[in-house]
Amino acid sequence: MTETAATAAVGGRSREAIAQRLAADLRDGYVVNLGVGIPLLVPRFIPPDVEVILHAENGVLGLGPPAADGQEDPDLTDAGKQPATVITGAAIVDSALSFAVVRGGHLDVTVLGALQVSGRGDLANWYVPGRNPAVGGAMDLVAGAREVWAVMEHVDRAGQPKIVERCTFPLTGRHVVTRVYTDLAVFHVADGQLRLTECAPGVSPAAVRDRTAAPYIEDLAGRDGSGAGALRRG
Amino acid sequence: MTETAATAAVGGRSREAIAQRLAADLRDGYVVNLGVGIPLLVPRFIPPDVEVILHAENGVLGLGPPAADGQEDPDLTDAGKQPATVITGAAIVDSALSFAVVRGGHLDVTVLGALQVSGRGDLANWYVPGRNPAVGGAMDLVAGAREVWAVMEHVDRAGQPKIVERCTFPLTGRHVVTRVYTDLAVFHVADGQLRLTECAPGVSPAAVRDRTAAPYIEDLAGRDGSGAGALRRG
Amino acid sequence: MIDKFRADPMSALAPIPSGACVAVGGFGSSGRPDTLLDALCDLDRRGLHVIVNNVGSDFTGIGRLLAEGRIRRLTASFPVLPDFYDEYFAGRVELELIPQGTLAERLRAGGAGIPAFYTPSGAGTMLTDGTFPLGYDPDGQVAERMQAREHRSFSGREHVLEYGIVADFALVKAHKGDRKGNLRFRLSARNFNPLAAMSGRYTFAEVEHLVAAGDLAPDDIHLPGVFVDEVLLRSELSPRQPAIPRSGS
Amino acid sequence: MIDKFRADPMSALAPIPSGACVAVGGFGSSGRPDTLLDALCDLDRRGLHVIVNNVGSDFTGIGRLLAEGRIRRLTASFPVLPDFYDEYFAGRVELELIPQGTLAERLRAGGAGIPAFYTPSGAGTMLTDGTFPLGYDPDGQVAERMQAREHRSFSGREHVLEYGIVADFALVKAHKGDRKGNLRFRLSARNFNPLAAMSGRYTFAEVEHLVAAGDLAPDDIHLPGVFVDEVLLRSELSPRQPAIPRSGS
């Protein structure tokens with residue numbers, strides 16, 4: 001990987017398109033927690049025949065869209081403390097039961113932004129040393145959800161890869177990420193092994209390779225992992 | 001202690017009178033759990049100016065009298081599975097929260113029948129070897145309640161003392177009993193030391209001594225423990 | 001769309017195999033999922049490990065499972081039914097006897113992703129020191145004892161380490177439920193039901209009333225639907241079904 | 001008779017001394033007991049150890065306590081308010097940063113008599129390995145670090161041992177409450193309130209509506225009155241009270 005390659009424009013998905021790509025992988029009946037940033041764009045792209053129960057850390061199961069202007073209720077917010085609504089059939093629980101849902105494996109997917117993801121599935125997303133530390137529910141979510149989908153730009157603002165051999169930022173959890181959705185590609189992680197399963201439209205495997213700093217298997221034959229794949233080093 | 005002394009009639013309180021004596025020690029606002037047997041006689045003797053919240057293990061806080069004939073509701077029973085009622089202002093919780101009340105120290109008193117109580121406050125009340133073992137909430141109650149009041153006949157049917165130096169029946173809990181109410185006397189236990197604080201009307205300290213197989217301090221000057229007391233061996 | 005309602009208990013419960021570990025709600029007959037328990041019997045499942053606070057006092061519900069010889073191990077605080085003890089002492093059923101509060105907390109912990117916790121309940125007793133007989137030989141000798149618990153002192157007081165229970169399946173009963181699996185219980189019939197439901201890897205809820213989604217307001221739901229996989233209607237006939245005579249086993 | 005209602009927050013909260021450990025409900029301003037927090041400020045209590053999920057984003061509620069320099073240590077998952085971090089890095093406030101689910105479970109455990117439990121949350125991170133700075137010196141150097149957690153593997157997975165929190169006092173807010181202390185919350189304003197209430201050795205509840213005993217049906221009570229010692233009415237003025245300028249400290 002060279003800096004020239006990493007910073008050159010290679011096309012790829014917009015933030016909305018990343019959210020849309022991820023939304024296509026949600027299945028009917030999933031219970032899903034969405035972090036801030038790109039994850040919050042996901043709901044608008046969930047197919048109409050797919051019903052997903054959105055979980056908010058502060059105890060909402062069945063979160064609806066943000067509250068309309070003038071319709072705010074101070075007793076109903078999302079986990080980002082923004083005025084929220086609930087869907088028909090929603091339930092409210094206290095914070096202990098909310099995290100019992102999370103840790104107990106009753107959450108199918110948590111979708112989180114990331115600073116870095118390692119090739120083994122380590123996630124760093126809660127703290128940039130020198131800045132203000134705050135963790136919220138991130139460590140519970142990655143420890144408890146059945147699947148952890150990291151969503152992020154493939155490289156940082158300086159053009160440095162965010163998929164790395166070893167995270168340099170403090171970890172949120174070890175061996176927790178199961179998928180990575182970026183503007184350039186989709187990766188799966190299983191048994192500590194990263195696999196590139198899809199390149200964004202117009203993005204070449206070589207462009208992904210140049211911007212990825214962790215070893216991975218190229219497994220583009222099918223998202224099911226049916227392709228044989230060859231080990232590549234980033 | 002001789003068998004003759006132990007089996008001779010010495011008067012003392014009836015089962016109802018034991019319950020009444022104990023009820024006089026309940027304070028306004030206490031949260032109380034009552035076991036089966038003599039403890040179930042206590043509510044009828046609670047003074048009218050004393051409000052006690054009765055807790056039932058199956059999740060009732062504010063248990064009322066047994067349901068009247070024809071008024072039984074299969075969804076409302078006490079911990080003995082008998083049709084029950086609730087008082088105004090009662091609350092229902094699940095079994096985990098019910099025992100959070102118990103273990104968390106939010107129960108002021110648990111009143112339990114006993115097979116044996118040791119001089120250090122060990123309690124045996126759940127199992128007679130050779131018979132059918134069942135524990136229910138007894139071990140949680142004695143571990144969690146702020147006070148454990150054992151209520152029992154002073155001697156068993158064979159005339160053997162039930163207050164003993166060391167329990168021979170399997171323990172419910174170690175160092176848990178804080179008071180013992182019997183037909184003959186009232187004892188307090190603090191810091192592993194048993195104190196006789198009161199003899200039933202017409203019962204002599206000597207009669208109690210003859211029927212008690214654990215060492216204790218005679219402290220009859222006042223129930224507050226203000227008396228100096230002399231160490232006696234049972 | 002999410003619709004967890006199933007009309008037929010027999011086909012719904014068919015995936016529960018013989019030998020499964022099943023957590024069951026209820027306290028005696030109060031809040032006990034009789035329709036589901038009857039289906040389990042009618043499906044002829046055997047060798048079950050049943051986790052339930054008590055057996056009840058007759059041959060309905062858990063009592064029917066017992067009478068038909070379907071229980072391999074019972075985890076409970078208060079078995080009650082004398083016939084249960086006959087089976088236990090004869091070496092046909094194992095008994096894991098657990099203090100009631102510990103049992104409730106272990107079911108919740110299993111459902112909450114807490115693998116283990118410390119409790120003072122039972123510390124220093126034969127239910128935690130490895131001496132209580134889990135099961136007997138046919139000749140009446142103790143075949144196996146309950147596992148001893150790790151003891152540890154906190155603030156100068158002995159506690160024992162207890163493990164969260166994750167059951168293969170859970171069977172619970174609620175007063176009302178909707179097609180999203182949201183449940184509301186009634187009075188003391190709530191008891192172990194929310195906890196058994198949490199503990200199950202796959203949870204069936206029997207409800208007296210199936211209501212439309214939204215009929216239960218968010219603040220009136222006692223257990224959210226994420227803990228429930230299938231919802232079935234209680235049959236009014238259930239409590240009156242006679243027990244089939246005890247089989248050989 | 002049991003009557004836990006108190007008319008005057010100032011005299012009710014007077015027994016809370018400076019230096020106390022106080023668990024507080026709420027998630028941001030949602031469900032936060034502002035009337036009680038204002039009384040604590042008006043009573044001029046200082047050196048408090050405050051346990052609350054987050055500080056909120058302005059100088060009301062916990063923010064007022066902070067702005068007035070009354071907090072010695074904050075136990076939280078998400079402080080938010082930038083001014084908090086100024087105080088933290090300047091060595092005037094300690095920060096015990098806890099994963100949100102662990103914080104909720106620790107409060108519940110403390111109130112439930114569970115001294116400690118294992119959780120996978122945070123295992124192998126700087127919040128459990130003893131490296132996170134609990135507090136700084138005035139010159140900006142780390143003065144003390146958060147205590148390392150015991151790690152233990154269950155089913156091949158690392159977990160950490162976390163302790164139940166028993167707070168000296170708890171301040172919570174509910175939608176409705178009765179004179180027996182029974183509480184009902186509204187929507188997501190419930191959040192940490194039942195858990196903070198459980199954790200408190202002595203618990204004050206601020207309610208929007210005081211109702212007669214029996215108005216809340218037994219099945220509609222979210223937290224039974226046994227966890228609540230005194231009930232006070234929320235003042236409508238609370239959220240609008242200005243913060244007193246930060247004191248020296």
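These figures come from a predicted structure and were not determined experimentally. Numbered from 1 within each chain, the chains take letters A, B, ... in sequence-line order.
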Please determine, among [options], the option with the most heavy-atom pairs under 4.5 Å with chain C.
options: B:S98, B:P133, B:A96, B:P74; answer: B:P133
options: B:L171, B:T77, B:V60; answer: B:T77
options: B:D73, B:N132, B:T172, B:N58; answer: B:N132
options: B:A91, B:G137, B:G144; answer: B:G137
options: B:L76, B:V86, B:D140, B:V176; answer: B:D140

Report which part of [X] has an atom under 4.5 Å of a heavy atom belonging to chain B: side chain, backbone, both, or neither.
X: C:N54; value: side chain
X: C:F89; value: side chain
X: C:F132; value: side chain
X: C:P194; value: side chain
X: C:R106; value: neither
X: C:L103; value: neither

So, [X] and [Y]: side-chain donor and acceptor under 3.5 Å apart, yes or no?
X: B:N33; Y: B:H55; result: yes
X: C:E162; Y: C:T102; result: no
X: C:R32; Y: C:T60; result: yes

Of the listed residues ([options]), which shares the most heavy-atom pairs with chain B below a 4.5 Å separation?
options: C:H175, C:M126, C:H222; value: C:M126
options: C:A76, C:A104, C:S188; value: C:S188
options: C:F27, C:F185, C:Y88, C:F84; value: C:F27
options: C:G101, C:P133, C:G122; value: C:G101

I need the C:R190 CZ to C:R184 CZ distance, nearest 0.5 Å.
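Result: 7.5 Å between the selected atoms.
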Checking B:D78 against chain C: side chain, backbone, both or neither under 4.5 Å from a heavy atom?
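Looking at B:D78, just its backbone touches chain C.
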Please evaluate residues C:S77 and C:N53 with respect to the criterion side chain to side chain donor-acceptor pair (under 3.5 Å), reporting the C-alpha separation (whole Å), side-chain torsions for both, the decisive distance (0.1 Å), and the verdict.
CA-CA 5 Å; C:S77 87; C:N53 183 62; 2.7 Å; yes
Measure centre to centre between the rings of B:F187 and B:Y216, then say whether the value is under 6.0 Å.
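Between B:F187 and B:Y216, the centre distance is under 6.0 Å.
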Salt bridge check: are B:R120 and B:E165 linked by an N-O gap of less than 4.0 Å?
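Here B:R120 does not pair with B:E165 in a salt bridge, since their nearest N and O are not under 4.0 Å apart.
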Residues B:R146 and B:D108 bridged, charged N to O under 4.0 Å
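Here B:R146 pairs with B:D108 in a salt bridge, since their nearest N and O are under 4.0 Å apart.
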Stepwise, does the ring pair (Phe, Tyr, Trp, His ring centres under 6.0 Å) test hold for C:F154 with C:H159?
CA-CA 7 Å; C:F154 292 92; C:H159 290 73; 5.5 Å; yes
Any side-chain heavy atom of C:V55 within less than 4.5 Å of one from C:L74?
yes
